[in-house]
Amino acid sequence: MRRPVITLTTDFGLSDHFAGTMKGVILGICPDAQIIDISHDVGAFGITEGAYLVAQAYRYFPRGTVHIVVVDPGVGTSRRPILVEAAGQRFVAPDNGVLSFVYAREEHKVRWITAEKYFLKTLSQTFHGRDIFSPAGAHLARGAAPAKMGKLISDYMRLHLDKPVRTARRGWTGAVLKVDRFGNLITNFPAEDFPDLGHRPFEMSVGLETVHRLARNYAECGPGELFVIVGSSGYLEVSSSQASAAKILGCGVGAPVELRIL
Amino acid sequence: MRRPVITLTTDFGLSDHFAGTMKGVILGICPDAQIIDISHDVGAFGITEGAYLVAQAYRYFPRGTVHIVVVDPGVGTSRRPILVEAAGQRFVAPDNGVLSFVYAREEHKVRWITAEKYFLKTLSQTFHGRDIFSPAGAHLARGAAPAKMGKLISDYMRLHLDKPVRTARRGWTGAVLKVDRFGNLITNFPAEDFPDLGHRPFEMSVGLETVHRLARNYAECGPGELFVIVGSSGYLEVSSSQASAAKILGCGVGAPVELRIL
Amino acid sequence: MRRPVITLTTDFGLSDHFAGTMKGVILGICPDAQIIDISHDVGAFGITEGAYLVAQAYRYFPRGTVHIVVVDPGVGTSRRPILVEAAGQRFVAPDNGVLSFVYAREEHKVRWITAEKYFLKTLSQTFHGRDIFSPAGAHLARGAAPAKMGKLISDYMRLHLDKPVRTARRGWTGAVLKVDRFGNLITNFPAEDFPDLGHRPFEMSVGLETVHRLARNYAECGPGELFVIVGSSGYLEVSSSQASAAKILGCGVGAPVELRIL
């Protein structure tokens, strides 16, 4: 039998015991779990960034995987813990929009997790990753039925992050979803929605600069030159060969991106 | 049969091969081990911080877990490698006080690990995490009897970190144990020892400021306001909503904390 | 049966989803894999550093381990993906010299991986760690025969990093391979090639300073004093007790190191 896979995406960082403690809780409930870190370095309170990271990773995991997502500025308030079934996988997270990409792409069912028997017995006000999300996720991975965890809801929070807005016949306004380690700016322009880009001149404006060039790989352009590339994310990314586009442009997550196809 | 769980807590960071190499050694001896990182980002030579992290995590791990702790400024000197049995778990560490919280909370037995057959054959002077602690921990996880590793000792090093000192009828002096990723200052004041705090006015002084307010969650106070909160650690923490209390107060690990209940 | 072990060494960092996504791909193909991170913090495009880290770690892993190494500035260009069999283990990497230490130390066979059935169906231009190296490595771990992946080649790229060059009867010029977390400068002088160092006076010049002392452990010298030590790497390292030698000397990876035995 396959060992159940559980992934973790949090803003807890790696210098504290938080991620390790979550894993202890999981192994106490589901000893066979194969636990995989997606990232613990989501910017503190970075719901957009967390949403993007989960969306990038989940499609590459086997059916049945349980994704635990804890980017949770509202911990200890009345925000609800939810369980989402989508794409043959399960997601456990606070109801703050961090699963919005999943909602946009997949048929999904959302439940409010209310069955306290799936939580730790003592709940802190500040670490629901340990007390609620990890045990609920581990019970799911071990075979608990989603329907036993709580009722379906339809008023869950949904952010519209996954596409730019059309602002002219050939003009769109979007945003930077993520700056990766190499300084590439990942926009929310899905490459497949802009097939013309390779064939027609265009202007993509980010920060103080406008980029005109589409490259096929990082080595194609000179060092420090800015270009647009179809990233591994499936989104258009603004990059620079062996340099950080984010530094050159002085931009970060949330920065507006304008595209005009000429 | 359950796979044995081994945790790692070190000050090796993640940019070197050290943690990965320890895991290679462990898997060579105990191929079924489920290896979990608590943290590798303990500040270099940070015995207090390492002691705190292990203490926070171990209680959430299954019985039988082996915790390997390598915060070891004295590597290569005559400081002893020790094995501690406590709380149904095992701890392998240098004898420098890094298990002091475990001693304070649990009945425990301490052994000096002397049986060299549980070490790697070639010992370096500088990487006992690989050569001594990982193989000893892996052999334990695989079933080696603690008594075969070395004799019981009673003169192990013990630091008194886990509680503040009473300095007046309603006054105590303690210290900051850890600054977490969000800038929360975790003090060594156990919340359960101060049940009055919610009912009586108080002053907690840290750095240049005095904090008067006890909050139940991070969202309750205005941005940048300082408050005391019962952290998930079980200790009183000094926090600030969506801001770093450590930055506001200019404080770090070891900073003194004064509490006066009025 | 032993679970297959797969290690990862990349320059992807841990704040992105890259390492997690690679693991999802691996578990989809080889569900039993025990996946171990060597490091994801290789400096961006740091072929020397990546080569060093893999070389340090592999010897401590069990026979049959598959090491996936993705330090790949040429991703998307015509640089070849290769499979190396050496020391009873397997290595999957781009052909850019990142396995040079393995070539220097071990008998080895190198294949150009061309069988596309071992890749993901859709290949991106920018993330071959996910699309090529992880699936190829996972298929190997699951039992695929190396010979089915591609033909043997002899024109693979090989860098000469593993030893200093002799420049006088008792003089050598080498380089810094790595700066570890503690600021120790790891040189490419194999300690075993310089057995005289403990018995004769010497001068090792790095950055602006010359070091004259060989120490046996970090605690032997005064704080801030520079010394040479036989590191756990097997190489001579320039260190300073409880301080960063790299900061004192203002040096990093690639800095020249001169040794003169007097």
Side-chain angles (χ1 to χ4, degrees), chain B residues 3 6 8 10-37 39-47 70-79 94 96 120-135 138 181, chain C residues 1-9 11 13-14 19 32 34-43 46 49-50 52-65 67 89 178-184 186 191 215-220 229-234 237 239 241-244:
Chain B
R3 297 171 58 207
I6 296 178
L8 305 182
T10 78
D11 60 358
F12 291 149
L14 290 171
S15 65
D16 294 288
H17 66 94
F18 302 135
T21 297
M22 288 174 68
K23 294 174 188 177
V25 170
I26 290 167
L27 293 177
I29 294 164
C30 183
D32 281 335
Q34 178 90 275
I35 307 172
I36 300 293
D37 298 312
S39 178
H40 296 287
D41 276 335
V42 176
F45 322 116
I47 291 171
V70 191
V71 182
D72 193 15
V75 62
T77 66
S78 61
R79 67 93 193 86
N96 59 16
L120 292 197
K121 276 188 198 118
T122 310
L123 300 190
S124 69
Q125 288 295 313
T126 58
F127 190 8
H128 288 184
R130 177 190 68 195
D131 304 336
I132 290 180
F133 298 109
S134 289
R181 187 199 191 184
Chain C
M1 220 185 60
R2 270 191 182 227
R3 296 172 59 206
V5 179
I6 296 178
T7 80
L8 304 182
T9 305
D11 60 358
L14 290 170
D32 281 334
Q34 178 90 275
I35 308 172
I36 300 293
D37 298 311
I38 303 301
S39 177
H40 296 288
D41 277 334
V42 176
E49 190 180 350
Y52 169 77
L53 291 172
V54 174
Q56 283 298 308
Y58 80 87
R59 291 173 291 177
Y60 291 91
F61 277 82
R63 280 184 71 78
T65 295
H67 302 280
Q89 308 193 17
K178 169 79 183 165
V179 179
D180 76 12
R181 185 196 193 187
F182 304 99
N184 301 312
I186 296 144
R216 274 168 317 146
N217 62 57
Y218 296 127
E220 196 180 294
I229 188 167
V230 177
S232 65
S233 59
E237 303 183 8
S239 298
S241 185
Q242 306 220 6
S244 164

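Just so we're on the same page: letters track the sequence lines, and every chain starts at 1.
Interface remark: B:I29 contributes no atoms to any contact with chain C (heavy atom separation under 4.5 Å). Heavy-atom distances place both the backbone and the side chain of C:D180 under 4.5 Å from chain B. Contact annotation for C:V179: only backbone heavy atoms (N, CA, C, O) come within less than 4.5 Å of a heavy atom of chain B. With a threshold of 4.5 angstrom between heavy atoms, C:L8 does not approach chain B through any atom at all. Contacts of C:I38 with chain B are made by both backbone and side-chain atoms, with heavy-atom separations under 4.5 Å. With a 4.5 Å cut-off on non-hydrogen atoms, B:F12 touches chain C through its backbone and its side chain both.
The line from CG of B:L14 to CG of C:L14 is 6.0 Å long, rounded to the nearest 0.5 Å. Here CE of B:M22 is found 13.0 Å from OH of C:Y60. Values are rounded to the nearest 0.5 Å. Annotation: the span from C:T7 atom OG1 to B:K23 atom NZ amounts to 11.0 Å, rounded to 0.5 Å.
Taking both residues in full, the closest heavy atoms of C:R2 and B:G28 are given as NH2-O, 3.6 Å, listed atom of the first, atom of the second, then distance. Nearest heavy-atom pair, C:F61 versus B:G20, reported as atom, atom and distance to 0.1 Å: CZ-O, 3.2 Å. The heavy-atom pair separating B:V75 from C:N217 by the smallest distance is O-CB, 3.8 Å. The heavy-atom pair separating C:L53 from B:S15 by the smallest distance is CD1-O, 3.8 Å. Here the closest heavy-atom approach between residue C:P62 and residue B:G24 is recorded as CD-O, 4.0 Å. When all heavy atoms are compared, the tightest approach of B:G43 to C:R181 is CA-NH2, 4.5 Å.
With chain B as partner, the option from C:E220, C:Q34, C:R216 having the largest number of non-hydrogen pairs under 4.5 angstrom is C:Q34. For the options B:V25, B:T21, B:T126, heavy-atom pairs under 4.5 Å to chain C are most numerous at B:T126.
Under 4.0 Å is where a charged nitrogen must lie from a carboxylate oxygen, and between C:K178 and B:D16 at least one such pair does.
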